[in-house]
Amino acid sequence: MSSFQTSPGTRDILPPHAGRWRAMVQVFADGVESAGYQNIIPPMFEDLGVFQRLGDATDVVTKEMYDFTDKGGRHIALRPEHTASVCRAFAQHRPTPPWKVWYSGPNFRYERPQAGRYRQFDQVGIEVLGVDDSQLDVEVIALGWDFYKAIGLRNVSLIVNSLGDAGDRGRYIEALGAYFKTHGATLSEQALATLERNPLRVLDSKRPQDAAAIAGAPTIGAFLSTDAAAHFAAVCAGLDSLGIPYEVNERLVRGLDYYQRTTFEFVSGSLDSAQNAVGGGGRYDGLVEDLGGPATPGIGFALGVDRTLLACDAEECFTFGFPVLDVFVIDTTGGSHALSITHQLRHNGFSADRAFEARSMKSQMKSADRSGAQVAVIIGETEAEESTCTVRNLSTSEQTTIPLTELQNHLTTVLGPRQPRRHTP
RNA sequence: GUGGGCGUAGCUCAGUUGGUUAGAGCGCUAGGUUGUGGUCCUAGAGGCCGGGGGUUCGAAUCCCCUCGUUCACCCCA
């Protein structure tokens, strides 16, 4: 047992898992960049105030913020999500709308760790600022949907809802509060406490005790303004036209208070745990203004990388092979030949590795086997004296001895051509 | 923040009503094979039995505290 280990809710992503992780982010990046989104890398911490705009009735703000005072006396918080930072960046730099960006990186929330829930967790996501068109809502949802398809997940369902405009939302919350106050007798203590802070959130309760009261609660649909209802209908029609299956759930409220109009969530049916939402998002038309920018509509989503990988484990998809190495160089004469040959091979575009510490032939062969290399290049006493090398195919065990000067050509024949490595893009 | 489960080798786990020097499999290293991997055989390395305190002649084992971990509530990705 070592003296130090990772802090609660954090972990090391070790190889080979980290390679799979990076591959998943790459699939996401390829998908959204082909739709015109460009990468943004906001800082991992900001002034606490940036995140307080997420709503003071959200737990993310009131009890999960990873905040501290820095040496300059600033009240700083590690970001709990990316959306607020992206909106702050928009308000600060005023890029020309529409601004379509994507991101990937860690977020921090001080919570008790649980299945699929960490204090440092990674998300990938997109945000679009400056466009009010319902067709954009469809595009955004479709890009999330396509990502899950691209990595091979089959058991993901899409849930959509509309929370209406700010006014609709306010009237609905009022009606909801009034309803729960008259039906409060059956509600749990926790739900009653939630009711005080934000009646919407009561709909999220998973306690069986609350189910009856929630089932009878008024739904948002009747409170939508004509505009909001038309917007939502257009979004649903757009999804239909693209053949993306979805389910309208008027109980879907989501946790951040800034959402208006379209909201959606991707739920994995393959995750047994309580945390089965692998992604979610929606419109947040007032957020940029709250952060001191011009009134700007916005929409986006964030997908949990950790949870998505858990879902992939459950569905046995997006597995990965060992990284394949072209050549493993074995040198039983002390290692200097391995040093120069691997150097040369790498410069010519072959991937190559070797063993160190002058191990035995047998030991080096084992390392070659474990490395996944396709061929072993062997330099023993005989080869060293004759300036030759033995090339062994590690899957067929066939081997031939050739002059060292022929090595590049031989490998090109056996493995195919490689591009010499360049140092500039 | 609240509640339940679990902490023994790098990993997965045995360890009887408390009883001598704490085990297995996998992995790792070396040898069997004086230049050749994936199978097989042999050997070796590797443990403050999470930490602290207590009960006892004696604790991995029983009790208390603590830390970690895990699941759930809460909430969320």
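If you're wondering where the values come from, they're calculated on a predicted model, not measured in any experiment. To find a chain, count down the sequence lines: A is the first, B the second, and so on, and within it residues start at 1.
- Nucleic acid contact for L394(A): base, since at least one base atom lies under 4.0 Å from a heavy atom of the residue.
- For S363(A) and G37(B), the shortest distance from a side-chain N or O to OP1 or OP2 is not below 4.0 Å.
- Rounded to whole Å, the distance from CD on E381(A) to P on G35(B) is 10 Å.
- Using atom C1' as the reference point in both C48(B) and G31(B), the two lie 33 Å apart (nearest Å).
- Side-chain polar atoms of E315(A) and S270(A) form a donor-acceptor pair below 3.5 angstrom.
- Side-chain atoms of R201(A) stay outside donor-acceptor range of the base of C74(B), with no qualifying N/O pair under 3.5 Å.
- Separating the P atom of G38(B) from that of U34(B) is a span of 15 Å, rounded to the nearest Å.
- Between R251(A) and D204(A) no salt bridge is recorded (no basic side-chain N to carboxylate O distance below 4.0 Å).
- When heavy atoms are screened at a 4.0 angstrom cut-off, P80(A) is found touching no nucleic acid atom at all.
- Using atom C1' as the reference point in both U56(B) and U12(B), the two lie 34 Å apart (nearest Å).
- Among the protein residues, I330(A) comes within range of no part of the nucleic acid, since none of its heavy atoms lies under 4.0 Å from any strand.
- Distances shorter than 4.0 Å separate some side-chain N or O of Q114(A) from OP1 or OP2 on A72(B).
- At the heavy-atom level, Y118(A) lies under 4.0 Å from base atoms of the strands shown.
- Q275(A) contributes no side-chain N or O that forms a donor-acceptor pair with the base of A72(B) under 3.5 Å.
- Remark: the separation of the P atoms in A9(B) and A24(B) is 14 Å, to the nearest Å.
- S205(A) comes within 4.0 angstrom of sugar-phosphate atoms only, judged by non-hydrogen atoms across all strands, and of no base.
- For a distance-only test at 3.5 Å, the side chain of R370(A) fails to qualify as a donor-acceptor partner of the base of G38(B).
- Mapped onto RNA chain B by nearest heavy atom, G380(A) and G9(A) fall at different nucleotides, with G380(A) at the one closer to the 5' end.
- Within 4.0 Å (heavy atoms only), K362(A) reaches at least one base atom of the nucleic acid.
- Counting non-hydrogen atoms under 4.0 angstrom, R11(A) reaches nothing in the nucleic acid.
- Closest to the side chain of E111(A), from the set G38(B), C74(B), C75(B), is C75(B).
- Among the protein residues, G279(A) comes within range of the sugar-phosphate backbone only, with heavy atoms under 4.0 Å from sugar or phosphate atoms but none that close to a base.
- Picking from U36(B), A72(B), C75(B) the nucleotide with the shortest atom distance to the side chain of M361(A) gives U36(B).
- For T262(A) and S162(A), the side-chain atoms include no donor-acceptor pair closer than 3.5 Å.
- Look at S360(A) and you won't find any side-chain N or O under 4.0 angstrom from OP1 or OP2 of U33(B).
- For C74(B), its base sits under 3.5 Å from the side chain of R117(A) at one donor and acceptor pair at least.
- Between the side chains of H82(A) and N107(A), at least one donor-acceptor pair of N or O atoms lies under 3.5 Å.
- Between R119(A) and I379(A), the residue anchored closer to the 5' end of RNA chain B is I379(A), taking for each the nucleotide with the nearest heavy atom.
- Ionic pairing of R171(A) and D165(A) is not present here: no N-O contact between side-chain nitrogen and carboxylate oxygen is shorter than 4.0 angstrom.
- For D369(A) against G38(B), no side-chain N or O and base N or O form a donor-acceptor pair under 3.5 Å.
- Using a 4.0 Å heavy-atom cutoff across all strands shown, S367(A) reaches no nucleic acid atom at all.
- If you check the side chains of N276(A) and S268(A), you find no donor sitting under 3.5 Å from an acceptor.
- Distances from the side chain of I378(A) to the nucleotides C76(B), U69(B), G35(B) place G35(B) closest.
- Base pairing of G23(B): its partner is C13(B), meeting the Watson-Crick or G-U wobble criterion (both donor-acceptor distances under 3.5 Å).
- Taking the ring axis of Y110(A) as reference, the NZ or CZ atom of R119(A) stays within 45° of it and closer than 6.0 Å to the ring centre.
- Separating the P atom of G52(B) from that of C76(B) is a span of 41 Å, rounded to the nearest Å.
- Across all strands shown, D122(A) has no heavy atoms under 4.0 Å from either base or sugar-phosphate atoms.
- Counting any heavy atom pair closer than 4.0 Å across all strands shown, A115(A) reaches sugar-phosphate atoms only and no base atom.
- For the 3.5 Å distance criterion, the side chains of Y118(A) and E111(A) fail to qualify, holding no donor opposite an acceptor.
- Pair assignment for C76(B) gives none, since no Watson-Crick or G-U wobble pairing has each distance under 3.5 Å.
- Pair check for G44(B) finds C28(B); Watson-Crick or G-U wobble, both atom distances under 3.5 Å.
- Looking at E383(A), its side chain comes within 3.5 Å of the base of G35(B) through a donor and an acceptor atom.
- G116(A) comes within contact range of at least one nucleobase, with a heavy-atom separation under 4.0 Å.
- Straight-line distance between the P atoms of A14(B) and U66(B): roughly 27 Å, to the nearest whole Å.
- Between the side chains of Y246(A) and D240(A), at least one donor N or O lies within less than 3.5 Å of an accepting N or O.
- In this structure, of G37(B), G68(B), C76(B), it is C76(B) that holds the atom nearest to the side chain of R307(A).
- Here Q399(A) lies in heavy-atom contact (under 4.0 Å) with a base.
- Only the P atoms considered, U8(B) is 16 Å distant from G68(B), to the nearest whole Å.
- Of the candidate nucleotides U29(B), U36(B), A77(B), U36(B) has the atom lying nearest to any side-chain atom of T390(A).
- Base pairing analysis places C6(B) opposite G68(B); the two distances defining the Watson-Crick or G-U wobble pair are each below 3.5 Å.
- Nucleotides U55(B) and C62(B), compared at atom C1', are 8 Å apart to the nearest Å.
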